[in-house]
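Have a look at the structure below, then the notes.
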Amino acid sequence: MGSFFIDLLSFDHEVAVFEKDPRRMRFTYNCQRFTKVEEIKAFRPELLINAVTVKFTLPAFEEVLPYLPAECIISDISSVKTGLKDFYEHCGHPYVSTHPMFGPTFANLNQLSEENAIIINEGDYMGRIFFKDLYRKLGLNIYEYTFDEHDRTVAYSLSIPFVSTFVFAAVMKHQDAPGTTFKRHMKIAKGVLSEDDYLLQEILFNPYTHDQVAQIRTELKQLLEIIDHKDADGMKDYLTKIRKHVRE
């Protein structure tokens with residue numbers, strides 16, 4: 001996503017990227033490349049986008065803050081906001097927090113009209129306007145939430161499909177002649193499991209995730225009872241219920 005934002009911003013703004021491993025900048029262009037944190041000071045950025053993995057978001061902020069001008073807006077694009085609100089309120093910089101609800105694993109980055117982005121409605125006004133304009137130009141559907149509302153949304157929209165994928169992967173066996181549905185689930189499973197382990201952990205350790213996973217357990221118990229009793233009427237009612245959920 002860091003490379004995505006470089007490409008996105010570099011034609012209309014002066015952009016620099018700070019990356020300690022120069023090999024990771026081989027395919028970046030139209031931007032300045034920094035491998036030493038001291039180089040940031042001379043660049044004097046007006047906006048800093050922290051695009052490291054979730055595990056290192058706060059340490060990365062702590063490392064670069066001494067080299068930023070006081071008026072620089074700092075921002076993150078993290079899918080997990082745990083600890084960020086408290087950090088921002090004491091960092092001494094204006095801030096903006098957003099979450100593009102897509103990534104290179106599944107999304108078509110050239111066609112984002114069906115994708116969503118969340119902008120946290122706490123923080124710097126001008127920073128929020130900047131990202132709102134940017135995301136609108138991409139055709140994204142924009143939603144504004146508080147930090148708490150964001151974490152509740154992520155617990156629902158990410159933890160449920162992630163856990164469902166884990167269950168599929170845990171019980172699946174190799175198929176010599178897999179059907180279409182199996183192949184689609186397998187593609188999703190490979191995509192989810194290619195994500196950073198710490199990201200998956202943090203999403204599942206979200207304080208609001210437990211209730212969502214418990215709901216899956218409840219539904220599975222009900223479905224298993226219907227199967228065990230070969231309850232045709234119960235199965236019909238269950239399918240009617242879940243089809244209604246999909247239609248809504």
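Keep in mind that the numbers below use all heavy atoms, side chains included, and drop hydrogens, waters and symmetry copies.
Between Phe131 and Tyr135, the ring planes are tilted. Angles from 30° to 60° get that label. Using cut-offs of 30° and 60° on the angle between ring planes, the pair Phe61 and Phe87 is parallel. Between Phe147 and Tyr95, the angle of the ring planes lies from 30° to 60°, which puts this pair in the tilted group.
A donor-acceptor pair under 3.5 Å is formed between the side chain of His93 and the backbone N or O of Cys72. A donor-acceptor contact shorter than 3.5 Å links the side chain of Ser75 to the backbone of Leu48. Under a 3.5 Å cut-off, the side chain of Asn141 and the backbone N or O of Ser113 do form a donor-acceptor pair. One N or O on the side chain of Glu39 and one on the backbone of Lys36 form a donor-acceptor pair closer than 3.5 Å. Panel note: side chain His229, backbone Glu225; a donor-acceptor pair is recorded below 3.5 Å.
No side-chain donor from either of Asp76 and Thr57 sits under 3.5 Å from a side-chain acceptor of the other.
In this structure, OG1 on Thr146 lies 6.0 Å from CG on Asn121, to the nearest 0.5 angstrom. Of the inter-residue distances, the one linking Glu149 atom CD with Thr153 atom OG1 reads 7.0 Å to the nearest 0.5 angstrom. One finds the CZ atom of Arg128 at 7.5 Å from the CG atom of Asp124 (value rounded to the nearest 0.5 Å). Between His185 atom NE2 and Ser164 atom OG the span is 9.5 Å, to the nearest 0.5 Å. Atom-to-atom distance recorded for Ile129:CD1 and Ile119:CD1 is 8.0 Å, nearest 0.5 angstrom. With rounding to the nearest 0.5 Å, the separation of CZ in Arg152 from OH in Tyr145 is 12.5 Å.
In this structure, Val80 is a member of the same hydrophobic cluster as Leu193, with clusters built from ILVMFWY side-chain heavy atoms closer than 4.5 Å. Two different hydrophobic clusters hold Ile160 and Tyr208 under the rule that ILVMFWY side chains link at heavy-atom gaps under 4.5 Å. The hydrophobic clustering, which links ILVMFWY residues whose side-chain heavy atoms are closer than 4.5 Å, places Val52 and Met25 apart.
Checked against the 6.0 Å centroid threshold, Tyr143 and His99 do not count as a close aromatic pair.
Remark: Glu202 does not engage Lys81 in a salt bridge, criterion side-chain N to carboxylate O under 4.0 Å. Using a 4.0 Å cut-off between a side-chain N of Lys or Arg and a carboxylate O of Asp or Glu, Asp237 and Lys241 do not qualify as a salt bridge. Looking at Arg33 and Glu19, no side-chain N of the basic residue comes within less than 4.0 Å of a carboxylate O on the acidic one, giving no salt bridge.
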- Task: Begin with the C-alpha distance, continue with both residues' side-chain angles, and end with the deciding distance and a verdict on ring pair (Phe, Tyr, Trp, His ring centres under 6.0 Å) for His13 and Phe130.
- Result: CA-CA 12 Å; His13 304 274; Phe130 176 85; 5.6 Å; yes
